[in-house]
Amino acid sequence: MKIERLSSDKIRIFLTFDDLSERGIQKEDMWQELPKVHELFTEMMDQAYNELGFDATGPLAVEVFALPAQGMVVIVTRGKYDHQQYSHLGEDELPEEVYEMEVTLEQSDSIVYAFNDFEVLIEAAHVLGGHITEAGRLYHYKDKWVLYMDPELIDSGKHPSLIAVLAEYGEAASYTEAVLDEYGKVVMQENAIAVIREHFKRQD
């Protein structure tokens, strides 16, 4: 489980499928009201508080993005505590934990990885090129190099190898194609892996 702060009121949590299976949770369980899912969420919020000081009391918007063969990205946004809602209660009656979760789930078949350093992306491209794939579209977004892979352009049997390489060099991202098209800058429209390999040599 990996947690990072996106802003003062927003965090991102990356859960691998191993994280889920260790807790007896299937991907489909994530949008159901199950005790083990609530336990997982409580564990995530405890870890977010311990690592980042993120206080999860109050209304929360929770977005869950299912990523193919990678795991899940959970975006938690903290809202403002609504005192009006509890104005009829005395102080002793206020709930200790106010998790007002609004959960939305999106499933994407796209494979999206972000790289902080272009040199690292070059390394990944040279490992991928030839025997795994030459495809991909490259964006520049939020000071990162974002590689977007359409799984339909890649032999499904090679997906595990592709993700294993990308996960070694980059970081799984939850950006959608629409967001990247609208807010990102397209650097290489197609066959990004082939283009990078052709124009950039890997560092020895």
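Remark: D117 pairs with no residue by the side-chain hydrogen bond (donor to acceptor under 3.5 Å, both in side chains) rule, at least two apart or across chains. Partners of E177 by side-chain hydrogen bond (donor to acceptor under 3.5 Å, both in side chains), not counting sequence neighbours, listed by chain and number: R137, Y148. Looking at residues two or more places apart in sequence or on another chain, you find a salt bridge (charged side-chain N to carboxylate O under 4.0 Å, His left out) between R12 and E4, E171.
Atom CG of N50 has more than 12 heavy atoms from other residues, nucleotides or ligands within 6.0 Å.
Between the side chain of R197 and the backbone N or O of F200, no donor-acceptor pair lies under 3.5 Å. Listed for the D9 side chain is no donor-acceptor partner under 3.5 Å among the backbone atoms of R78. Between the S21 side chain and the G24 main chain, no donor and acceptor come within less than 3.5 Å of each other. A donor-acceptor pair under 3.5 Å is absent between the side-chain atoms of D181 and the main chain of A178, judged by distance alone.
Contact annotation: the side chain of K144 never approaches that of L121 to less than 4.5 Å [non-hydrogen atoms, C-beta and beyond]. In this structure, the side chains of V62 and I75 stay at 4.5 Å or more apart for every pair of heavy atoms.
The same ILVMFWY cluster, assembled from side-chain heavy atoms under 4.5 Å apart, contains both L40 and L52.
Taking CD of E182 as the start and OG1 of T176 as the end, the distance is 9.0 Å to the nearest 0.5 Å. Taking CE of M45 as the start and CD1 of I11 as the end, the distance is 4.0 Å to the nearest 0.5 Å. M1 CE to M72 CE: the interatomic distance, rounded to the nearest 0.5 Å, is 13.0 Å. To the nearest 0.5 Å, atom CD1 of residue I193 and atom CG of residue L128 are 5.0 Å apart. Atom OG of S8 sits about 12.0 Å away from atom CG of D55, to the nearest 0.5 Å. Between the CG atom in L6 and the OG1 atom in T77 there is a gap of 8.0 Å [rounded to 0.5 Å].
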Worksheet item: What do the steps show when you test F115 against Y169 for ring pair (Phe, Tyr, Trp, His ring centres under 6.0 Å), and what is the final call?
Response: CA-CA 8 Å; F115 300 80; Y169 290 93; 7.7 Å; no
Practice prompt. Evaluate the criterion side chain to side chain contact (heavy atoms under 4.5 Å, CB included) for residue pair V76 and K10; output intermediate values, then yes/no.
Written response: CA-CA 6 Å; V76 180; K10 183 179 290 190; over 6 Å; no
Worksheet item: How far apart are the C-alpha atoms of L15 and V74, what are their side-chain angles, what is the distance that settles it, and do they pass the side chain to side chain contact (heavy atoms under 4.5 Å, CB included) test?
Response: CA-CA 8 Å; L15 297 167; V74 182; 4.1 Å; yes
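Using a 4.0 Å cut-off between charged nitrogen and carboxylate oxygen, R23 and E43 count as a salt-bridge pair.
With M149 as the partner, the side-chain contact (heavy atoms from CB on, under 4.5 Å) test is satisfied by one option alone out of I163, V112, L162: L162. With V187 as the fixed residue, the side-chain contact (heavy atoms from CB on, under 4.5 Å) test singles out one of W145, F118, Y139: W145.
Taking the centre and axis of the six-membered ring of F54, the NZ or CZ atom of R5 falls outside the cone set by 45° and 6.0 Å.
Shown here for A125 and I196, the closest heavy-atom pair between the two residues is CB-CG2, 3.6 Å.
A centroid separation of 6.0 Å or more is found between the aromatic rings of Y183 and Y141.
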